[in-house]
**Student:** 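The structure under discussion is supplied below as structure tokens; questions concerning it will follow.
Order of appearance sets the numbers: ligands from 1, and atoms from 1 within every ligand.
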Amino acid sequence: MVKGKFITFEGCEGSGKSTQIRLLSEYLDKAGIPYIVTREPGGSPIAEQLRKIILDGKNMEMCDECEALLYAAARFQHLKDIVVPALEDGKLVICDRYVDSSLAYQGVARGLGTDFVESINSRALEEFQPDLTVFLNIPPDAAFNRKHGADKNDRMEKQGLDFHMRVYEGYLSLLPKYPRICAVECGGSKYETSEKIISLLKSKGIIV
Ligand code: TYD
């Protein structure tokens with residue numbers, strides 16, 4: 001029986017997910033709300049091994065289907081190892097990226113199609129659906145400038161700006177289909193964005 005709530009953060013590279021998750025954690029610490037922070041791909045020993053293969057800059061010949069299946073494989077291992085036990089413990093689970101990353105990156109930007117990506121992730125979408133997904137809405141050109149460029153050893157970050165523009169458009173296309181995804185505008189300071197996220201979590205009954 002699942003008792004905790006499951007929330008995920010999504011956005012383009014450099015959109016500020018890590019900063020926002022840190023600010024939310026500080027708020028939850030002060031409020032005394034039990035939670036865990038985890039991330040995809042990775043987050044548990046087997047899933048971290050898969051992460052290394054997926055993101056290794058040397059694996060440039062990996063085909064798109066293999067990439068999508070490895071992300072899905074890492075996802076299910078991480079669900080079983082980390083997410084489900086924490087939810088059963090009644091904790092709030094905060095996950096940095098989840099199935100919507102696969103839909104935007106592999107489904108749209110790689111061009112595999114969201115039907116294919118939904119099919120290999122159907123169990124995650126049906127049985128382990130997040131209660132809420134926070135999408136940090138900032139286009140990749142603005143986000144990259146904030147992050148001071150890409151990591152040259154990271155296979156995904158090595159993709160050009162046009163790839164990341166397609167990722168962004170992919171995210172926007174998910175919004176009408178998945179009402180659990182809430183876009184948070186991040187034009188203001190990181191503290192203003194954090195306040196918006198906390199208000200959103202309160203308004204959706206995720207935290208009190
Ligand atoms: P990471 O270093 O964690 O990036 P970020 O800090 O931007 O989250 O690397 C994760 C990379 O994997 C990132 O480029 C997004 C990509 N990704 C997918 O393409 N599909 C997925 O399903 C997931 C979870 C991540």
**Student:** Of all the heavy atoms in Arg51, does at least one lie under 4.0 Å from an atom in ligand 1?
**Tutor:**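 Under 4.0 Å: yes for Arg51.
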**Student:** Could you tell me whether Glu40 and ligand 1 have an N or O pair separated by under 3.5 Å?
**Tutor:**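 Min N/O separation from ligand 1 is not below 3.5 Å for Glu40.
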**Student:** Looking only at distance, does Glu67 have an N or O less than 3.5 Å from an N or O of ligand 1?
**Tutor:**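 Between Glu67 and ligand 1, no N or O pair is found under 3.5 Å apart.
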**Student:** What part of Gln106, side chain, backbone, both or neither, has a heavy atom within less than 4.0 angstrom of ligand 1?
**Tutor:**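 Answer for Gln106: side chain.
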**Student:** Considering distance alone, does some N or O of Arg97 sit under 3.5 Å from an N or O of ligand 1?
**Tutor:**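 Between Arg97 and ligand 1, an N or O pair is found under 3.5 Å apart.
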**Student:** In ligand 1, which numbered atoms sit nearer than 4.0 Å to a non-hydrogen atom of Ser101?
**Tutor:**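 Those of ligand 1 that fall under 4.0 Å from Ser101 are 20 (N), 21 (C), 22 (O), 23 (C), 24 (C), 25 (C).
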**Student:** Using a strict 4.0 Å cut-off to heavy atoms of Leu55, name the atoms of ligand 1 that fall inside it.
**Tutor:**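 By the 4.0 Å cutoff, the relevant atoms are 9 (O), 11 (C), 12 (O).
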**Student:** With rounding to the nearest 0.5 angstrom, report the CD1 to CG distance, Ile206 to Leu200.
**Tutor:**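 That separation rounds to 8.0 Å.
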**Student:** May I ask you to decide whether Arg155 forms a salt bridge with Glu67, counting only side-chain N to carboxylate O separations under 4.0 Å?
**Tutor:**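 A salt bridge links Arg155 with Glu67.
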**Student:** Between Phe135 and Phe9, does the ring centroid distance fall short of 6.0 Å?
**Tutor:**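 No - the distance between ring centres of Phe135 and Phe9 does not fall below the 6.0 Å cut-off.
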**Student:** Checking Tyr105 against Arg97 for the side chain to side chain donor-acceptor pair (under 3.5 Å) test, could you report, in this order, the C-alpha distance in whole Å, the side-chain angles of both residues, the deciding distance, and whether it holds?
**Tutor:** CA-CA 11 Å; Tyr105 281 75; Arg97 296 195 180 282; 3.1 Å; yes
**Student:** Where on Ile54 is there a heavy atom closer than 4.0 Å to ligand 1, on the side chain, on the backbone, on both, or on neither?
**Tutor:**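 For Ile54, no heavy atom sits under 4.0 Å from ligand 1.
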**Student:** Quick one: does Thr133's side chain get under 4.5 Å of Ile7's, heavy atoms only?
**Tutor:**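 No, side chains not in contact.
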**Student:** May I ask you to establish whether Arg166 and Phe163 are in a cation-pi arrangement, using a distance under 6.0 Å from NZ or CZ to the six-membered ring centre and at most 45° from the ring axis?
**Tutor:**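 No, Arg166 does not lie over the aromatic ring of Phe163.
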